[in-house]
Amino acid sequence: MLRPGLGALSGLLAGFAALATAELASVPVRREAGPVTAVGGAVIDRTPAAVKDFAIRTFGSNDKLALQVGIVTILGLFAIGLGLLALRRQAVGSAGVMVFGVIGALAAAGRPDGGPLDALPSLLGAVVGAGVLYLLSGFLATPVPSDSEQAPPQGSFDRRRFVLAATAAAAASAAAGVTGQRLNAAGGAEAVASRRAVRLPPPASPARPVPRGADLKVPGMRPFVTPNAKFYRVDTALVVPRVDATRWRLRIHGKGVSRPLTVTFDDLLSRELIERDVTLTCVSNEVGGPYVGNARWIGVRLADLLREAGVRPPSKGGPSDQLVARSVDGMTIGSPVETVMDGRDAMLAVGMNGEPLPFDHGFPVRMLVPGLYGYVSACKWIQDIELTTFDDYDVYWVKRDWAREAPIKTQSRIDTPKPFAEVERGTVPVAGVAWAQHKGISRVEVRVDGGEWHTARLGAEDSEDTWRQWVWEWPATSGSHTLEVRATDREDRTQTGKRVGTVPDGATGWHSVVVQVP
Ligand SMILES: Nc1nc2c(c(=O)[nH]1)N[C@H]1C(S)=C(S)[C@@H](COP(=O)(O)O)O[C@H]1N2
Ligand SMILES: [Mo]
């Protein structure tokens with residue numbers, strides 16, 4: 001009973017030693033090359049659209065934590081298995097550890113932004129882990145005597161050595177792991193300092209103040225402008241990139257670029273800046289979902305830079321119809337050149353709600369195109385813009401079942417009352433938001449239990465690129481009731497009630513909420 005237990009423990013200690021060594025070894029390489037991050041990233045890259053959506057829906061912004069906990073748990077189980085295996089076949093157990101090292105190495109080197117060097121932490125970790133397992137299982141390998149009554153006090157010497165070696169391995173691993181984590185965390189120090197040093201110049205073209213009455217201030221509603229800390233986050237980054245703004249460069253090049261450009265962060269800040277309120281939406285947002293937020297952005301008009309580089313949209317004879325934005329973490333996001341240059345406020349954003357972009361939201365620079373879902377427009381941590389065609393190149397999400405082009409669909413959401421809430425009889429404000437970026441919202445209607453539609457009162461319009469709050473005073477009667485909402489945009493198109501899922505280009509259907517009135 002004791003030996004299998006110690007075998008399992010050896011496996012776990014070997015796994016711990018491997019991960020800790022890899023963490024330390026990732027310091028001179030890069031923190032993204034750590035095996036758990038690398039395998040997690042590789043899993044994300046290979047996750048079909050529907051599963052990724054399921055993960056976002058189920059775990060929300062904790063989807064990445066859930067993934068990492070899952071990976072560590074699976075590794076732990078395999079480590080126990082290898083520890084038990086090593087009791088019978090010492091070398092095979094260690095070879096098993098090496099197999100996991102190779103998997104980690106392949107995952108790390110194969111990431112969109114990965115290189116051969118990224119394989120190093122996993123391989124080093126595996127070598128150390130294999131060694132630890134070999135050593136520990138060696139101490140446990142004393143053959144069990146056939147007649148235990150006659151046997152000398154069984155393996156007492158080895159057991160003491162086992163305890164010593166296991167303790168040493170655990171302590172050394174903990175030290176290596178903690179040191180690695182500390183150094184990796186400190187590695188972003190220049191980036192943090194560069195962000196702190198940013199002074200955003202006043203925009204040449206400021207946004208007008210948010211009109212009074214845009215925020216209806218109905219209790220239970222989220223504010224009209226989403227604070228940065230509350231802004232939804234959707235991306236594939238297990239480790240948020242920390243880019244040093246003083247070393248940041250953006251290259252603009254490709255087909256039809258007659259004057260390729262490379263700009264620095266200071267170059268961008270010294271240009272004419274625009275400030276705009278824009279509501280960003282994720283294609284993975286289900287009907288009624290939370291992945292939509294509204295912020296005041298500051299940035300450089302992207303069309304200005306493109307024109308400077310000699311780019312013409314297809315309608316003016318330009319050869320490229322797709323703009324591919326690349327981030328420092330290897331994400332590729334493709335937008336239609338025609339849309340980016342059609343006069344809307346497509347921008348390279350440097351500021352969000354009065355401060356430099358938070359790291360989570362793309363510091364130092366991200367793209368933003370009002371009216372397009374984030375996955376086809378809003379590249380965070382951008383470092384490269386290539387002009388090409390949709391025929392010639394499929395970007396990250398397009399390779400994973402999502403549509404090439406995806407304008408935001410007109411949508412509306414009930415924020416209060418909450419689903420299954422109990423509300424008092426009498427007048428109940430039913431309120432929420434509606435959005436149809438770059439078209440604008442002209443009407444919102446609410447109905448109860450499939451009855452006739454009632455027109456809601458709209459909050460003042462900030463811009464056609466922002467959402468609009470709405471409220472309808474409901475004379476609530478006793479019983480269980482279903483509230484539904486639909487919006488109409490300024491092109492006079494009413495949101496369809498037909499329910500479709502988020503894949504491949506955004507969900508449709510009316511948001512409904514069931515409430516109880518005593
Ligand atoms: N580099 C990078 N940029 C990215 C993504 C990503 O995974 N990596 N996700 C996109 C998606 S799907 C959306 S909806 C928006 C979300 O932006 P936010 O996290 O600032 O809200 O970022 C976009 N930009
Ligand atoms: Mo998204």
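For ligands, and for the atoms within them, numbers begin at 1 and follow the listed sequence. Scope of the values below: all heavy atoms of this structure, side chains included, with no hydrogens, waters or symmetry mates. Every value quoted in this text rests on a predicted model; they were computed, and no experiment measured them.
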Residue and atom name of the nearest protein heavy atom (relative to atom 24 (N) of ligand 1), distance in Å to one decimal: Ala378 O, 3.0 Å
Option with minimal heavy-atom separation from atom 14 (S) of ligand 1, where the choices are Tyr291, Tyr232, Tyr373, Phe231: Tyr232
Heavy-atom gap Arg366 to ligand 1 smaller than 4.0 Å: yes
Atoms in ligand 1 flagged as close to Ser327, the criterion being non-hydrogen separation under 4.0 Å: 1 (N)
Heavy atom of the protein closest to atom 8 (N) of ligand 1 (residue, atom name, distance): Met331 CG, 3.5 Å
Nearest-contact summary for atom 12 (S) of ligand 1 - protein heavy atom, Å: Tyr375 CB, 3.6 Å
Atom 3 (N) of ligand 1 - nearest protein heavy atom and its distance: Lys380 N, 3.0 Å
His361 N/O under 3.5 Å from ligand 1 N/O: yes
Those atoms of ligand 1 less than 4.0 Å from some heavy atom in Asp329: 1 (N)
Minimum-distance protein heavy atom relative to atom 6 (C) of ligand 1: Asp235 CB, 3.4 Å
Under 3.5 Å side-chain donor-acceptor pair for Ser463 and Asp465: no
Minimum side-chain heavy-atom gap Glu338-Ser315 below 4.5 Å: yes
CD (Glu308) with more than 12 external heavy atoms under 6.0 Å: yes
Distance from atom 16 (C) of ligand 1 to nearest protein heavy atom, with residue and atom: Val234 O, 3.6 Å
pair Tyr291-Val234: side-chain heavy atoms closer than 4.5 Å: yes
Sub-4.0 Å heavy-atom contact, Ile333 with ligand 1: yes
Residue Lys498 excluded, over 12 heavy atoms near NZ under 6.0 Å: no
Within-4.5 Å side-chain heavy-atom neighbours: Gln437 and Arg344: no
Side chain proximity check, Asp45 to Tyr396, heavy atoms < 4.5 angstrom: yes
Test side-chain hydrogen bond (donor to acceptor under 3.5 Å, both in side chains) applied to Lys409 and Thr496, Asp489, Asp505, the passing residue: Asp505
Donor-acceptor side-chain pairing of Arg276 and Ser205 below 3.5 angstrom: yes
Proximal ligand 1 atoms for Cys282, defined as those under 4.0 Å from one of its heavy atoms: 14 (S)
